[in-house]
Amino acid sequence: MKTITVLVANIKYDTELDGITYSAKKLPKTFEFVFDSIKGIDLEQRLSDLISENTGWCVESFIYKIK
């Protein structure tokens, strides 16, 4: 089965927690995720969830490209 690679870039994080804004300088700005299939999923939501799972921070915005 062919896999699908999705490149994510220009990630902006929500780095405010309890009224304190933390630096996002050390957080990744790009990711590459590989899926067996993207059929039937909300891709933007899944990408946002994966970024958050990998960094521990919520995501405000990003762009992506299916490779």
Inset, instruction - Check Leu47 against Val8 and note the closest heavy-atom contact, atom names and distance. - result: CD2-CG2, 3.9 Å
Inset, instruction - Using a cut-off of 6.0 Å, state whether more than 12 heavy atoms not belonging to Lys12 lie near its atom NZ. - result: no
Legend entry - Sidechain-backbone polar pair: Ser48 side chain, Glu44 backbone, donor-acceptor under 3.5 Å: no
Legend entry - Heavy-atom pair with the smallest gap, counting every atom of Phe35 and Arg46: CE2-CG, 3.9 Å
Legend entry - Sequence-distant partners of Glu32, salt bridge (charged side-chain N to carboxylate O under 4.0 Å, His left out), two or more places apart: none
Inset, instruction - Enter the distance from Ile4:CD1 to Ile38:CD1 here, rounded to the nearest 0.5 Å. - result: 5.0 Å
Legend entry - By side-chain contact (heavy atoms from CB on, under 4.5 Å) - contacts of Ile63 (at least two apart): Ala9, Asn10
Legend entry - Side-chain donor/acceptor of Thr3 to backbone N/O of Asp36, under 3.5 Å: no
Legend entry - Value rounded to 0.5 Å, distance of CG in Leu7 from NZ in Lys65: 7.0 Å
Inset, instruction - Work out which heavy atom in Ile11 is nearest to a heavy atom in Pro28; give both atom names and the distance. - result: CD1-O, 4.0 Å
Inset, instruction - Look at the aromatic rings of Phe33 and Phe31 and report parallel, tilted or perpendicular, splitting at 30° and 60°. - result: parallel
Inset, instruction - Starting at CD of Gln45, measure out to CG of Leu43 and round the result to the nearest 0.5 Å. - result: 10.5 Å
Legend entry - Approximate separation, where rounding is to 0.5 Å, of Lys29 NZ and Phe62 CZ: 14.0 Å
Inset, instruction - Heavy atoms only: give me the nearest Cys58-Ser52 pair and the separation to one decimal. - result: CA-OG, 3.6 Å
